[in-house]
J.: 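Take this structure first; my questions come after.
We count ligands from 1, going down the list as the structure has it; atoms in each ligand are counted the same way. All residue numbers in this chain count up from 1 along the given sequence. Worth saying up front: this structure is predicted, and the values here are computed from it rather than measured.
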Amino acid sequence: MKRLIAVILTVLFLLGLAGCGKSEDTSSNSNSDGKMIGVSMPTKSLQRWNEDGKNMKSKLEAAGYKVDLQYGGDNDIPTQVNQIENMITEGCKVIVIAAIDGSSLTEVLKKAKEQNIPVIAYDRLIMNSDAVSYYATFDNTQVGVMQGEFIEKKLDLKNQKGPFNIELFTGDPADNNATFFFGGAMKILKPYIDSGVLKVLSGQTTQAQVSTAGWKTENAQSRMENLITSNGYSPKGKKLDAVCCSNDSTAMGVTNALVSAGYTKDNMPIITGQDCDKANVKNMVQGLQSMSVFKDTRALADKVVSMVDAIVKGTKPEINDPNTYNNGKGVVPSYLCAPVAATIDNYKQILIDSKYYKESDIQ
Ligand code: BGC
């Protein structure tokens, strides 16, 4: 019996040494040589953040760094705060953060500043903190402009009088990007709404009215279901010409609601999106979503890795926008990558030829 217990204890000890039971994202690398970089991502539940995390880890490792990559549960703010606290404690050289809630990191980042750990805001600006050294993202206003311009072109708004019916969907109010996406789209669409060429039958046109908590598909879906019922949109009844959605997770909810209400590829309104998530590209191929905006997460990761490297080596990272992004404590020097509008006509070139996806991923 004693022997058996000893064997069990030895096995448990060895399993412990092998690191079993560690969370899958936790790097098993030690930080003994001070080359650890913390990467904090918001959620695994959306495809893009998985791509972002994977790219950041592999590119940082290729540049000779060790990586502590963490995901904040499913958009759980306290989890993200704890993970960042651990990154500070383990002495990360630089911490890269895609914030769940842009305004909830002020306190934890004070600690990073005290320890002289530079912070890079990844994709989403971190608000109300003077601890943010740089920001790398895509041109978020341009994303919205591309969505608005797509609708403008498809409905030929420059020449037609309409009226065309449109509804609007944007993202989580705590995500600073949502303001830029919505602002960009409204820059194009608002003049047509004001002149009556576009009509929003729900009357919901402010960012607060059209936001989607947590960017969640199910929230967009239930709002679209309500809009269908309350405004009488239907393939045979009142025509819905376009739904301007800020990203693919909201576009998916809108599409689901419309398909349930009987819409098909033959009468689907124009639906915009962003991210080129695989499921949405599939919808695009099937004629259920009209466009998405491709943001090559490899390009963003390349840029952030070069920023990290410059910071560690004591040189200045390249920026291309010193003016736009004020986080409430000052302007954060930024680098904006270029988004690309994706449609059925160019998706092969931008997604498959560039090896972002395999053809089989989206069939
Ligand atoms: C990102 C989008 C993404 C959205 C939801 C935004 O901050 O820029 O690419 O679709 O968050 O996760």
J.: Does a side-chain N-to-carboxylate-O contact under 4.0 Å join Lys303 and Glu318?
T.: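 A salt bridge links Lys303 with Glu318.
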J.: Is the closest side-chain donor-acceptor distance between Tyr122 and Ser40 under 3.5 Å?
T.: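 No, no side-chain donor-acceptor pair sits under 3.5 Å.
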J.: Does some side-chain heavy atom of Glu359 sit less than 4.5 Å from a side-chain heavy atom of Lys348?
T.: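 Touching, per the 4.5 Å side-chain cut-off.
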J.: Are Ile319 and Ser334 side-chain neighbours, meaning at least one heavy-atom pair lies under 4.5 Å?
T.: no
J.: Would you check ligand 1 and list the protein residues that come within less than 4.0 Å of it by any heavy atom, ordered by chain and number?
T.: Leu46, Arg48, Trp49, Asp123, Arg124, Asp175, Asn177, Phe181, Trp215, Asn247, Gln274, Asp275, Lys295
J.: What verdict does the side-chain contact (heavy atoms from CB on, under 4.5 Å) test give for Asn165 and Asn231, after you've listed the backbone C-alpha separation in whole Å, the side-chain angles of each residue and the deciding distance to 0.1 Å?
T.: CA-CA 11 Å; Asn165 292 332; Asn231 298 289; over 6 Å; no
J.: Within the structure provided, determine whether Ile97 and Val132 are in side-chain contact (heavy-atom separation under 4.5 Å).
T.: no
